[in-house]
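Only heavy atoms go into these numbers, but all of them, side chains included; no hydrogens, no water, no symmetry mates. Residue numbers start at 1 and run along the sequence shown.
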Amino acid sequence: MSTMKMLQDTSMLDGGNIVYLEQQYESYLRDPNSVTESWRHYFERLPMVNGQARDIPHSEVRQHFYNITRNSAARRRGPVESSSAEHERKQIQVGSLIDAYRARGHQLADIDPLGRMEKIEIREVQLHECGLSGADLQTEFQTPALYGIDVATLSDIVAHLEKIYCGTIGYEYMYINHTTQKLWLQQRIESYWAQPDLSTESRQWILERLTASEGMEKYLHSRYVGQKRFSLEGGESLIVIMGALVQRASAAGCKELVIGMAHRGRLNVLVNVLGKNPAELFSEFEGKHDDELSSGDVKYHQGFSSDIKSETGEFMHLALAFNPSHLEIVSPVVEGSVRSRQDRYGDSQGENVIPVSIHGDAAFAGQGVVMETFNMADSRGFSTKGTIHIVVNNQVGFTTSNTADSRSTLYATDVAKMINAPIFHVNGDDPEAVLFVSQLALDFRNEFQKDVVIDLVCYRRHGHNEADEPSATQPMMYKTIKALPTTRQLYADALVAEGVIDVDYPQQLIDAYRDKLDAGLTVANGVAVDPEYMEKHHIAWADYINSDWRVSYESRLPVETLQKLANSLTTLPDGLALQSRVKKIIEDRRKMTAGAQPIDWGYAENLAYATLLHHGYPVRLSGQDCGRGTFFHRHAVLHNQNDGSTHVPLRNVFADQPNFLVIDSVLSEEAVLAFEYGYASADPTTMVIWEAQFGDFANGAQVVIDQFISSGETKWGRLCGISLFLPHGYEGQGPEHSSARLERFLQLCAEDNMQVCVPSTPAQAYHMIRRQMLRPIRRPLIVMTPKSLLRHRLAVSTLEDLADGTFEPVLGEIDQIDSSAVDRVVFCSGKVYYDLVQKRRETGQTNVAVVRVEQLYPFPYTEMQDVIARYPNARRIVWCQEEPRNQGAWRATRHRIERILREGQELEFSGRPPSASPAVGYANQHIKEQNLLVMEALALQENSQHTVA
């Protein structure tokens with residue numbers, strides 16, 4: 001009975017046959033002649049594309065199979081199967097067994113060097129579960145879908161599967177829903193282990209890397225007793241991975257490798273991979289600090305970069321990102337840095353720049369930013385075409401090793417399955433297996449532009465730090481660890497036993513490495529300096545080191561040029577059918593260009609971007625809903641109502657213009673803002689903006705603001721010109737849609753580390769955006785952007801305001817008021833200004849001046865003094881804000897205003913009383929509070945708060 005006839009019986013359509021069916025179809029896709037004529041005839045009946053077999057989902061294969069077999073079951077009435085038929089049936093079950101090992105073999109693999117992982121019984125790989133038995137072990141079966149064996153006894157097939165899938169590597173990839181990727185992995189994995197071949201030179205190189213890894217830790221341990229270094233001991237094979245990645249990436253044509261990692265093993269990577277001079281590291285251990293540009297950070301947070309020359313003679317740049325102690329937050333920063341570099345190269349396939357993220361097992365499973373970062377892996381505007389993730393799996397997080405406490409998944413790496421990333425669990429004490437998965441991971445990433453995970457299962461020989469005593473909480477684990485030889489010792493003994501190296505060779509390596517450390521020589525492989533290469537790839541950050549925020553720049557632009565740019569934004573392609581409200585906005589913008597209508601906020605912002613493109617600066621704007629704008633004001637992306645296509649006017653300003661990219665980001669604050677920080681910190685020539693949907697939500701990324709944006713320059717000397725647009729304003733929308741927490745940003749301000757602005761007119765916003773790029777300064781810009789002001793009838797500007805003006809840190813009184821009659825000056829920022837002016841006009845007051853402070857930090861002392869000097873009779877100086885007294889700008893600004901007061905002048909506060917919540921939730925209460933603070937500021941009602949601290 002033929003295989004096809006056998007399968008035309010629905011009694012055979014069980015799980016095992018389905019697996020065999022899928023195996024046959026995958027073999028057919030690779031080579032139609034690799035399957036029998038009956039199978040070939042069946043598969044030719046499946047749907048094709050242009051006459052070619054297509055990689056259709058297995059569900060379709062199954063459905064077609066069912067369609068041709070469902071009627072035969074009812075007709076089946078035959079004798080007992082012949083021995084040939086029985087063999088055919090078992091042939092199918094062997095296929096099921098093969099796939100069972102592929103899918104579940106990782107749970108039987110010997111991946112734990114401590115031998116503590118619980119071994120469980122996997123039913124799917126039991127012979128009887130597959131319809132086989134011990135009596136079949138000497139029977140020969142065909143295995144066309146198993147690489148490395150064509151025909152073999154069942155005993156040999158099982159041994160081969162055990163060797164591949166149950167050795168010191170546990171592979172997880174069968175959940176991948178792309179057949180091509182699975183077949184590629186099967187071919188590489190199964191072909192290699194059929195005939196593993198590692199040269200003597202490669203094995204000596206592995207030993208040399210392990211010697212360097214262990215040697216560095218022992219040297220530091222003996223020289224700097226008790227100092228924290230977050231040792232790599234127990235995970236020394238990480239240096240083998242990194243060395244392999246550097247070599248193979250360079251050979252593949254990669255120009256830059258950007259690395260992010262936490263503290264564990266960081267010093268080892270700095271010295272043994274990136275080539276940091278050991279003498280510099282020793283100086284840091286001794287507390288020496290020569291960098292006058294930064295306050296510094298601990299040695300295991302420091303970044304570094306270098307150039308290496310590969311064996312093929314090609315140069316490659318290595319960069320290790322600076323990072324704080326907040327685990328995993330550096331990963332999206334690295335992704336942003338890589339995307340920036342890829343864009344600079346025009347590297348749309350991710351061939352020139354590759355990200356490598358090194359994680360800890362507990363943090364990889366525990367930190368939500370890991371999931372957020374994975375979610376960006378294939379998203380438009382954020383993809384880096386695949387990241388190589390390395391989990392240094394110590395099997396313990398600080399003092400927590402019980403997996404029931406640290407995670408709810410089988411492995412620490414299970415989160416990676418959300419994007420179908422293959423995962424390779426490897427025993428850290430088998431460095432040859434480590435080398436193989438390193439090469440496999442890089443090749444997979446380059447082949448498919450997908451993320452891949454190496455789970456380096458190892459251990460931590462010491463405590464969380466070297467002063468910690470781990471046996472206090474993990475007595476049994478550390479009893480095992482203390483009895484273990486090191487990875488280097490195990491591997492050296494194995495090579496000596498096999499006759500690969502002489503018995504004295506391991507000690508010679510140890511002595512040579514220590515001699516280099518004693519001499520303070522660089523010990524990493526291939527570190528080189530090529531001035532021509534550096535000149536070609538170096539970014540001149542020195543051009544932007546400027547401590548004076550008042551540095552002069554040319555802010556003006558001829559009206560004619562501005563109108564030409566404006567016309568390009570409102571000249572739309574034929575057939576673009578706009579939604580009625582959007583159409584009206586574009587029509588209004590044409591009137592604004594002609595001077596027939598005042599310019600509103602959304603148009604001024606778009607014009608600012610157009611002028612930056614005109615000056616040669618690319619623009620990148622990301623955030624939730626930023627294409628349209630949360631408040632329907634920007635419309636940087638126009639949507640065709642007929643076919644759903646889009647048109648981006650700012651991508652069509654002029655021929656060969658710089659890139660303008662606007663991205664409606666994934667619904668995340670932390671990872672997206674970290675990504676944008678990384679992007680901006682790698683490129684001073686691109687205007688990088690992150691916009692919060694509401695400013696209230698920015699605190700979801702507070703760690704990025706605290707550890708990178710506000711302090712990165714001070715700690716690490718890292719410049720970054722990122723801009724944050726945070727919608728802010730009290731309009732009765734409740735406590736979660738009113739405040740961007742201005743007070744928190746002002747609290748972080750010192751040493752002119754960033755700028756905090758609250759523009760109140762379209763022209764001010766326009767000039768503020770332009771200033772961020774036109775000045776030779778790259779520092780973060782924090783903007784409290786408006787909501788209701790976007791359409792306020794008084795918040796408008798003219799084309800001349802844009803063309804001839806500049807950003808003004810302080811905007812003085814605009815009404816015609818006799819300055820000598822003014823006895824009260826009210827300072828404020830943002831939307832409340834218009835409430836104050838309107839109320840003053842209603843009441844006809846002439847003794848109160850209202851002044852806007854548009855830049856709260858760096859504080860504009862000179863401009864503020866000039867304003868106060870205009871009113872010689874002013875005795876009352878008021879700070880008015882919408883926020884509660886304990887929030888907003890008051891507490892950060894009060895002492896600065898007091899510094900510029902004349903003798904006899906008093907400063908008082910007008911605003912909402914102190915509150916634990918940013919705003920009230922009831923509209924009537926909001927209106928009542930808003931009216932009161934305006935009345936008090938203008939002295940139309942007694943101020944009950946001016947004496948309160």
Side-chain angles (χ1 to χ4, degrees), residues 547-550 742-743 745-747 749-752 755-758 760 807-830 832-833 835-837 839-841 843-914 932-949:
S547 59
D548 184 8
W549 66 270
R550 298 178 185 277
L742 172 61
E743 64 279 358
F745 290 96
L746 291 173
Q747 183 191 42
C749 288
E751 304 176 282
D752 289 353
Q755 308 147 95
V756 180
C757 296
V758 192
S760 62
F807 180 76
E808 301 289 352
V810 178
L811 288 178
E813 177 61 63
I814 64 170
D815 287 352
Q816 297 298 318
I817 296 178
D818 181 0
S819 60
S820 63
V822 171
D823 60 10
R824 188 178 186 88
V825 178
V826 179
F827 288 103
C828 63
S829 291
V832 72
Y833 165 78
D835 295 339
L836 291 165
V837 168
K839 177 58 71 174
R840 187 187 64 183
R841 289 173 180 173
T843 59
Q845 285 180 294
T846 59
N847 67 319
V848 181
V850 182
V851 179
R852 285 165 281 180
V853 184
E854 303 276 291
Q855 178 174 296
L856 292 166
Y857 193 83
F859 193 74
Y861 287 105
T862 302
E863 291 82 354
M864 291 287 283
Q865 285 177 323
D866 291 344
V867 167
I868 290 179
R870 295 174 195 167
Y871 307 105
N873 299 316
R875 292 291 177 266
R876 292 287 186 181
I877 309 299
V878 181
W879 176 260
C880 179
Q881 66 180 39
E882 297 181 299
E883 301 89 349
R885 189 184 186 97
N886 60 316
Q887 300 171 35
W890 168 243
R891 289 188 172 172
T893 304
R894 175 181 181 176
H895 69 282
R896 296 186 171 111
I897 298 177
E898 289 176 336
R899 284 177 57 182
I900 60 174
L901 296 183
R902 298 192 302 269
E903 186 176 351
Q905 290 182 324
E906 294 183 12
L907 177 63
E908 64 181 65
F909 171 83
S910 178
R912 288 176 167 83
L932 178 61
L933 69 89
V934 169
M935 297 284 282
E936 290 179 345
L938 298 174
L940 296 172
Q941 185 167 326
E942 183 178 353
N943 189 342
S944 60
Q945 291 198 66
H946 75 273
T947 60
V948 181

From [atom1] ([X]) to [atom2] ([Y]), nearest 0.5 Å:
{"X": "Phe859", "Y": "Ile900", "atom1": "CZ", "atom2": "CD1", "value": "5.0 Å"}
{"X": "Ile814", "Y": "Tyr833", "atom1": "CD1", "atom2": "OH", "value": "3.5 Å"}
{"X": "Ser829", "Y": "Glu854", "atom1": "OG", "atom2": "CD", "value": "7.0 Å"}
{"X": "Lys839", "Y": "Leu940", "atom1": "NZ", "atom2": "CG", "value": "7.5 Å"}

Within a strict 4.5 Å, meaning less than it, do heavy atoms of the Leu742 and Val756 side chains meet?
->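 Counting from C-beta outward, Leu742 and Val756 do come under 4.5 Å.
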Please examine the side chains of Leu856 and Cys757, heavy atoms only from C-beta on, and report whether any two atoms are closer than 4.5 Å.
->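 No, their side chains stay 4.5 Å or more apart.
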Determine yes or no for a side-chain-to-main-chain donor-acceptor pair under 3.5 angstrom, with Arg824 supplying the side chain and Ala937 the backbone.
-> yes
Taking ring pair (Phe, Tyr, Trp, His ring centres under 6.0 Å) as the test, write out the residues that go with Tyr857, two or more places apart.
->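 Tyr857 satisfies ring pair (Phe, Tyr, Trp, His ring centres under 6.0 Å) with no residue once adjacent residues are dropped.
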Kindly determine whether Asn873 and Asp823 satisfy side chain to side chain donor-acceptor pair (under 3.5 Å), including the steps that lead there.
-> CA-CA 5 Å; Asn873 299 316; Asp823 60 10; over 6 Å; no
Can you name the salt bridge (Lys or Arg N to Asp or Glu O under 4.0 Å) partners of Arg550, sequence neighbours left out?
-> Glu863
Hey, mind stepping through Val850 and Arg840 against side-chain contact (heavy atoms from CB on, under 4.5 Å) and telling me if it holds?
-> CA-CA 9 Å; Val850 182; Arg840 187 187 64 183; 3.8 Å; yes
Lys/Arg N to Asp/Glu carboxylate O, Arg876 vs Glu908, below 4.0 Å |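 A salt bridge links Arg876 with Glu908.
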